[in-house]
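To start, the structure itself, in structure tokens.
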Amino acid sequence: MRSHRKIWTTAAVTTAAVAGFVVFQNVTGDSANDSDSKAGPVRTDVRKTELKVAADGSSASLGRRDTAPFSMLGVTWTDPAAKVTGAVEVRTRSAANGTWTSWMPLETDIDGRMEAGPGVRGSTEPRWVGPSNGVEVRVTAGAKVSAKLPAGLRLDTVDPGKGSSLHAAPAAFAAETDAPTDDPSSSETPSADATDTAEPTPSATESDTTPAAEAPPVTPSETVTASPSATASDSSSPTASTSPSATLPPAPPSTVPKPPITSRAGWGADESISPQAPEYNPTLKAVFVHHTAGTNDYSCADSAAIVRAIYAYHVKGEGWRDIGYNFLVDKCGTIFEGRKGGVDRPVFGAHTYGFNRESAGISVLGNYVNTAAPSAVTTSVARLAAWKLGQYKGDPAGTTMLTAGDAGPNGFGKTFTVGKQYSFQQISGHRDGVATECPGKMLYGQLPTIRSLAAGPVTGLAIKSVTGATLSGTSYYTKSAITVGWSASTPSVFISKYELLVDGKSVATAAGTATSAKATLGAGTHSVQVRATHQSGKTTLSPAATVVADQTAPSFTTKPNLALRTGTVNTTAVPLTLKWKATDAASLKEVRLTAPVAKTYGPTTTSASHTAKSGVATTWSMSAYDLAGNTSAASVSGTPVILQETSATKTGTWTTKSSSSYLGGKSYSSSSKSASLSWTFTGRSAAWVVSRAATSGQAYVYVDGTKVATVDLKSSTTKYRDALWTKSWSTSAKHTVKIVVVATSGRPAVTTDGLVYLK
């Protein structure tokens with residue numbers, strides 16, 4: 001299954017340069033941007049218990065038992081090149097509630113085939129199980145008849161120490177012995193040599209390659225450089241030259257910002273267990289992404305402890321010189337310094353067998369075979385990879401050539417040959433270099449996203465709002481000042497700056513964390529965009545928004561005016577029509593009637609029906625608004641006046657009719673041909689008010705002596721106070737309206753209820 005490292009080793013760990021990487025003693029990381037604890041190292045204990053192997057070598061076990069506290073475990077064996085072809089399974093007891101887990105598989109670390117060195121062991125992946133105090137182990141060799149288990153099988157349990165230990169002095173570290181007790185329910189009895197002991201601090205001769213004792217350490221004043229005759233293998237030992245007067249060269253600056261990194265001191269590394277000097281590559285061309293496998297069910301508050309446990313397992317359990325990874329990232333996105341030597345230097349790690357030279361390893365805490373890594377992880381991995389590659393002019397989205405230091409297949413069946421060069425993505429997955437599932441199917445599938453985040457450009461950039469403007473269709477309208485809001489898919493930590501562009505020119509600059517900027521526009525139509533600059537220097541333009549700046553108020557090309565209309569007349573509600581027409585140079589938004597009632601009309605509406613009280617002067621106030629917010633006002637006043645039929649000059653025979661349905665309670669009715677009523681008034685609009693029924697007849701209407709209409713009063717339903725005929729003039733003037741009875745055959749009657757005019 002996973003997870004990490006094919007370890008590349010070297011024959012001399014302190015003075016010899018291996019094919020171009022250099023070795024320095026007592027080098028510390030640059031802590032300028034690191035997140036450091038000021039506490040001391042944390043004591044970690046690794047307890048080792050031999051497994052009981054069956055006589056035929058086909059299985060091994062460790063009976064259920066109580067143990068000293070531990071939170072991580074793994075199984076190791078003597079020969080680092082050997083494998084367990086069958087299954088390694090463990091179950092543990094929670095220290096919190098005493099419950100036992102189900103059986104959990106431990107995957108063989110296929111990267112454990114290392115150059116032989118004292119103390120280096122084959123192993124499974126370490127698995128974080130949380131605070132535990134009991135364990136049971138079973139191992140099978142596999143189905144093949146010839147399958148045998150490797151020699152020296154043992155369980156290594158790791159207590160990563162407590163947070164309070166950060167304040168403990170290193171001198172307090174001492175070996176402890178834990179005498180295990182078999183669980184009475186277990187049917188297995190450990191062999192006499194199945195002891196569980198605390199691991200003492202390893203000597204300076206222990207490493208994941210060859211003993212440090214082979215050569216004296218290099219002091220900080222010495223620089224080791226590679227001989228041109230260096231070979232491609234990580235395990236080669238080419239001739240090196242030293243320059244005693246030289247000092248360690250400064251770390252190259254990166255083209256992108258450095259992310260926050262928790263230093264080794266910050267996570268409580270006990271440097272006394274790995275006293276060997278760091279080794280350095282000549283350059284860095286690629287980053288390999290890993291996962292630690294195991295579980296995602298951990299608290300980020302435990303991440304430092306998990307890193308300490310991995311460190312202790314690598315060094316005290318597997319016999320390596322230091323933790324294998326250059327960096328580790330937890331599921332909350334916290335970055336931890338891994339192998340010592342300086343986070344800003346090309347530290348030679350142990351993470352991708354055959355390709356450790358010219359590369360760095362970043363491992364994510366957790367298992368991402370079936371679970372996608374959260375955005376906090378992809379963001380931090382991308383930031384870290386971009387920064388490291390940026391130190392060496394790398395392209396996170398590009399490819400590079402790496403030389404194979406050993407033969408073997410990768411996770412896709414491709415076989416590498418020692419010394420040959422192969423093309424790799426500069427951000428690759430562990431499986432690209434080694435036959436493993438690491439970094440898990442899901443995280444591997446997220447590598448294109450990580451490359452995109454690291455390399456740029458900014459994606460998903462779009463204008464989301466233009467405050468201070470009104471959107472109509474596809475254009476915004478404003479008087480002048482606007483605030484443009486935007487969003488992007490790329491996290492802000494990758495964005496150097498934003499710029500607001502108006503007609504292609506930058507008018508405002510904002511930080512990469514900003515989401516808006518302001519601009520003042522001159523009159524006219526403008527193209528507004530946002531430009532985002534990725535930390536790589538690549539730029540992205542948002543789609544353009546059209547913004548029209550307009551400071552000219554709309555106008556009433558037809559001033560508001562009033563006219564009487566047909567409809568039912570009451571003394572409190574005389575029907576009339578309000579008319580107008582408003583226009584704007586850019587775009588009219590609406591027209592609002594503010595008095596005597598409040599109404600809002602769309603830009604194409606030019607009239608509306610209303611009513612007004614008889615005998616009351618009323619002002620009709622209107623305002624026109626354009627989309628930019630400019631406005632203009634206009635108004636008109638009018639007084640409807642009801643003239644009763646009794647005020648008319650009449651000829652012929654007219655009969656008075658009484659009913660509460662008539663205006664004033666009375667009306668005139670006539671069936672006499674040529675009987676007439678006439679009213680004289682000064683106004684600008686008039687309406688004849690009648691009563692109607694199925695037997696109602698017809699009448700002629702004369703205005704100022706001229707016949708203008710023949711009006712039929714017949715109605716299938718009875719109607720009272722019905723303004724049936726209307727006439728309006730452009731200005732107020734004196735007029736006479738006369739009605740004449742036609743005496744229509746079979747329905748001669750005409751009933752009039754008066755005349756209304758508007759002054």
- Between the side chains of Y311 and S274, does any donor sit under 3.5 Å from an acceptor? yes
- Is there a donor-acceptor contact under 3.5 Å from the side chain of Y325 to the main chain of T292? no
- Message: For W103 versus E89, what's the shortest heavy-atom pair and its separation?
- Response: CZ3-O, 3.6 Å
- Task: Give the ring-plane orientation class for Y368 versus H291, where under 30° counts as parallel, over 60° as perpendicular and anything between as tilted.
- Result: tilted
- Message: Quick check for you: to the nearest 0.5 Å, what is the distance between T283 atom OG1 and Q391 atom CD?
- Response: 9.5 Å
- Message: On a heavy-atom basis, which atom in L443 and which in A373 lie closest, and how many Å separate them?
- Response: CD1-CB, 3.8 Å
- Salt-bridge test for D66 and R93: reply yes if a basic N is under 4.0 Å from a carboxylate O, no otherwise. yes
- Query: For the side chain of S59 and the backbone of T140, is there at least one donor-acceptor N/O pair under 3.5 Å apart?
  - Reply: no
- Scan side-chain atoms only and decide if S123 and E318 contain a donor-acceptor pair under the 3.5 Å cut-off. yes
- Message: For S254 versus W387, what's the shortest heavy-atom pair and its separation?
- Response: OG-O, 2.8 Å
- Note on the structure: Value for OG1 (T76) from CG (L155), rounded to nearest 0.5 Å, stands at 8.5 Å
- Message: What's the separation between atom CG in D432 and atom CD in Q425, rounded to the nearest 0.5 Å?
- Response: 8.0 Å
- Item | Main-chain N/O of T157 paired to K48 side chain as donor or acceptor, under 3.5 Å | no
- Task: Scan side-chain atoms only and decide if T295 and D297 contain a donor-acceptor pair under the 3.5 Å cut-off.
- Result: no
- Message: Is there a side-chain contact between V307 and D330 in this structure, where contact means two heavy atoms from C-beta onward sitting under 4.5 Å apart?
- Response: no
- Distance in Å, I261 CD1 paired with F336 CZ, rounded so as to fall on 0.5 Å steps: 11.5 Å
- Could you label the plane-to-plane angle of the H314 and W320 rings as parallel, tilted or perpendicular, counting under 30° as parallel and over 60° as perpendicular? tilted
- Item | CD1 on I362 to NE2 on H351, rounded to 0.5 Å | 9.5 Å
- Query: F494 and T379: side chain to side chain contact (heavy atoms under 4.5 Å, CB included), yes or no, with the steps?
  - Reply: CA-CA 9 Å; F494 296 99; T379 295; 3.6 Å; yes
- Item | Side-chain touch L328/I323, heavy atoms, less than 4.5 angstrom | yes
- Message: Are the side chains of L51 and V137 in contact, using a 4.5 Å heavy-atom criterion?
- Response: yes
- Are any of the side-chain heavy atoms of K316 and V158 separated by less than 4.5 Å? no
- Message: Under the criterion side chain to side chain contact (heavy atoms under 4.5 Å, CB included), I'd like the reasoning laid out for V84 against L149: C-alpha separation, chi angles, the key distance, then a yes or no.
- Response: CA-CA 6 Å; V84 175; L149 293 175; 4.2 Å; yes
- Query: Going by the disulfide (SG to SG under 2.5 Å) test, which pairs reach into residues 286-356, not counting sequence neighbours?
  - Reply: C300-C332
- Would you please test V381 and Q446 for side chain to side chain contact (heavy atoms under 4.5 Å, CB included) and show each step? CA-CA 11 Å; V381 171; Q446 291 174 284; over 6 Å; no
- Note on the structure: Note: F355 and S359 closest approach over all heavy atoms is O-OG, 2.6 Å
- Query: Within the side chain of R47, is there an N or O that forms a donor-acceptor pair under 3.5 Å with the backbone of A68?
  - Reply: no
- Check A360 against N326 and note the closest heavy-atom contact, atom names and distance. CA-OD1, 3.3 Å
- Query: Between R127 and L106, is there a donor-acceptor pair closer than 3.5 Å when you use the side chain of the first and the backbone of the second?
  - Reply: no
- Query: How long is the span from the CZ atom in R321 to the CZ atom in F348, to the nearest 0.5 Å?
  - Reply: 8.5 Å
- Any donor-acceptor pair under 3.5 Å linking the side chain of S272 with the backbone of D270? no
- Quick one: list whatever passes side chain to side chain contact (heavy atoms under 4.5 Å, CB included) with P131, sequence neighbours left out. S71, A95
- T124 vs W77, side chain to side chain contact (heavy atoms under 4.5 Å, CB included): CA-CA, chis, key distance, verdict: CA-CA 9 Å; T124 67; W77 48 87; 3.9 Å; yes
- Message: Can you tell whether the side chains of R264 and E337 come within less than 4.0 Å, N to carboxylate O?
- Response: no
- Donor-acceptor side-chain pairing of N410 and R431 below 3.5 angstrom: no
- Excluding sequence neighbours, so at least two apart, what forms salt bridge (charged side-chain N to carboxylate O under 4.0 Å, His left out) with K331? none
- Message: Within the 4.5 Å heavy-atom criterion, are L73 and V90 side-chain neighbours or not?
- Response: yes
- Item | pair V287-L389: side-chain heavy atoms closer than 4.5 Å | yes
- Query: Who are the salt bridge (charged side-chain N to carboxylate O under 4.0 Å, His left out) partners of R91, not counting sequence neighbours?
  - Reply: E136
- Quick one: ring-ring contact (aromatic ring centres under 6.0 Å, His included) partners of F327, sequence neighbours excluded? none
- Item | Heavy-atom check, side chain of V347 versus side chain of K340, under 4.5 Å | no
- Item | Minimum heavy-atom distance between G366 and N296, given as atom pair plus value | CA-OD1, 3.0 Å
- Message: Can you confirm if the aromatic rings of F288 and F424 lie within a centre distance of less than 6.0 Å?
- Response: yes
- Under 4.5 Å between any side-chain heavy atoms of K285 and P346, yes or no? no
- salt bridge (charged side-chain N to carboxylate O under 4.0 Å, His left out) against D156, all qualifying residues, sequence neighbours excluded: R154
